[in-house]
**Q** 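One structure, as structure tokens, below. Some questions next.
For the numbers below, each heavy atom of this structure counts, side chains included, while hydrogens, waters and symmetry mates do not. Below, chain A is the first sequence line, B the second, and so on; all start at residue 1. Quantities reported herein were computed from a predicted structural model and do not represent experimental measurements.
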There are 2 protein chains.
Amino acid sequence: MTVSHHDETGQAAADRGWQHAGDCRAISEVLSRIGDKWTVLVVELLDGGPMRFNELRRRIGNISQKMLTTTLRNLERDGFVTRTVFPTIPPRVDYELTGLGRELRVPVKALGHWARANIDRIQEARERFDGTRQG
Amino acid sequence: MTVSHHDETGQAAADRGWQHAGDCRAISEVLSRIGDKWTVLVVELLDGGPMRFNELRRRIGNISQKMLTTTLRNLERDGFVTRTVFPTIPPRVDYELTGLGRELRVPVKALGHWARANIDRIQEARERFDGTRQG
DNA sequence: CCGAATCCCCGCGGATACTG
DNA sequence: CAGTATCCGCGGGGATTCGG
């Protein structure tokens, strides 16, 4: 985890309605965990059912083996996917979403829906900003 | 935006229930936008009402001026906060959440709540993983 | 087929110094 | 007080090579 903010005193906390330090930490942690380049995409793909390594790779299309391996290891470590090895030749490895992984999709997709619903407003704000700044 | 995945053909899309490419893009975009180190923390702080630059700085405690400026500029550009300059001496600048900014907090906090509710399960999974891997 | 190991680039974010 | 400019380290992530 990268984000580390001060352990504040009860005094400082009382200063101005600031109870939710824990909320911020929780938000930052999950964000720093799934906010990387590939995690969400992999999770959404695995929602369709178990999938092999190279199938995932093909469907994503432009991911390196290294990053797919890393992404899957982290997801496995956190209990979001399971990794099943079939000791055949050539080997076969299936990845599948766990219950926890499927539950994670709910708030993540909610964020996505909000984004789709509001992308226009954001885009307008950007054009206003870029226009008035050096137009 | 960093994430750019393949423009897939309708054929590939039909292959296996894969309609939500747009969802993935939206999710990735918002995640890459607010998934940085400080954005969410600043937004949560501003929820308490308008705040001056150095007050934000103090309350966060360990952020550099550069990153606070950058974070606020990006938030302003996307229409999440307003920047109000009082041409006094010394100068005074207030930052305040817009309606859009306040709406953003809803799905973000939902994600945070999910994280708080499930951090134990994640922690257990991590210990299992780390334990069985080189215990 | 699945991955580990290595090398390398680049952008985020911190430290510091300077302006209006 | 608020902000810009510059320098720099670190880690994410890509390309390539090698192993089981």
**Q** Send over the distance from B/Leu68 CG to C/dT16 C1', rounded to a whole Å.
**A**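 Going from B/Leu68 (CG) to C/dT16 (C1'), I get 17 Å.
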**Q** Just how far, in rounded Å, is P of C/dC2 from CZ of A/Arg73?
**A**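 Those two atoms, CZ and P, are 12 Å apart.
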**Q** Show me the protein contacts with nucleotides 11-18 of chain D, counting only N or O atoms at under 3.5 Å.
**A**
| residue | atom | partner | partner atom | Å |
| --- | --- | --- | --- | --- |
| D/dG13 | OP1 | A/Lys37 | N | 3.2 |
| D/dG13 | N7 | A/Lys66 | NZ | 3.2 |
| D/dG13 | O6 | A/Lys66 | NZ | 3.4 |
| D/dG14 | OP1 | A/Lys37 | NZ | 2.9 |
| D/dG14 | OP2 | A/Trp38 | NE1 | 3.3 |
| D/dG14 | O6 | A/Lys66 | NZ | 2.3 |

**Q** Counting only N and O atoms by type, is there a donor-acceptor contact under 3.5 Å from the side chain of A/Arg33 to the main-chain atoms of A/Asn74?
**A**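 Side chain of A/Arg33 to backbone of A/Asn74: a pair is present.
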**Q** Can you tell whether the side chains of A/Arg25 and A/Asp23 come within less than 4.0 Å, N to carboxylate O?
**A**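 No.
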**Q** Tell me the interatomic distance from A/Arg58, atom CZ, to C/dC2, atom C1', rounded to whole angstroms.
**A**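 To the nearest whole Å, that distance equals 13 Å.
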**Q** Closest heavy-atom contact between B/Ala115 and A/Val30?
**A**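 Shortest heavy-atom contact: CB-CB, 3.9 Å.
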**Q** Using the rule given for side chain to side chain contact (heavy atoms under 4.5 Å, CB included), can you reason through A/Ile27 versus B/Leu111, listing the C-alpha separation, both sets of side-chain angles and the distance that settles it, and then say yes or no?
**A** CA-CA 7 Å; A/Ile27 296 170; B/Leu111 193 60; 5.9 Å; no
**Q** Run the salt-bridge test on B/Arg121 and A/Glu103 with the 4.0 Å N-O cut-off and return the result as yes or no.
**A**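 A/Glu103 and B/Arg121: salt-bridged.
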**Q** Looking at DNA chain C, which of residues 78-98 of chain A put a heavy atom within less than 4.0 Å of it?
**A**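 Output list: A/Arg83, A/Pro90, A/Pro91, A/Val93, A/Tyr95.
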**Q** Can you list everything that forms a side chain to side chain donor-acceptor pair (under 3.5 Å) with B/Arg52? Sequence neighbours excluded, please.
**A**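 So B/Arg52 forms no side chain to side chain donor-acceptor pair (under 3.5 Å) with any residue.
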**Q** Just N and O in the side chain of B/Arg57: are any of them under 4.0 Å from OP1 or OP2 of D/dC1?
**A**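 Negative; the distance criterion is not met.
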**Q** Does B/Arg52 make a side-chain N or O approach to OP1 or OP2 of D/dC1 shorter than 4.0 Å?
**A**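 It does not, given that no N or O in the side chain of B/Arg52 lies less than 4.0 Å from OP1 or OP2 of D/dC1.
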**Q** Would a distance-only check, ignoring hydrogens and angles, find a side-chain to backbone donor-acceptor pair under 3.5 Å from A/Arg57 to A/Ile63?
**A**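 Between the backbone of A/Ile63 and the side chain of A/Arg57 there is a qualifying donor-acceptor contact (under 3.5 Å).
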**Q** I'd like to know if B/Asp47 pairs up with B/Arg102 as an ion pair, taking the criterion as any Lys NZ or Arg NE/NH1/NH2 lying under 4.0 Å from an Asp or Glu carboxylate oxygen.
**A**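 Salt bridge between B/Asp47 and B/Arg102, a charged N being under 4.0 Å from a carboxylate O: no.
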**Q** Please report the distance, rounded to the nearest Å, between CG in B/Leu72 and P in C/dG13.
**A**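 Roughly 14 Å, once rounded to whole Å.
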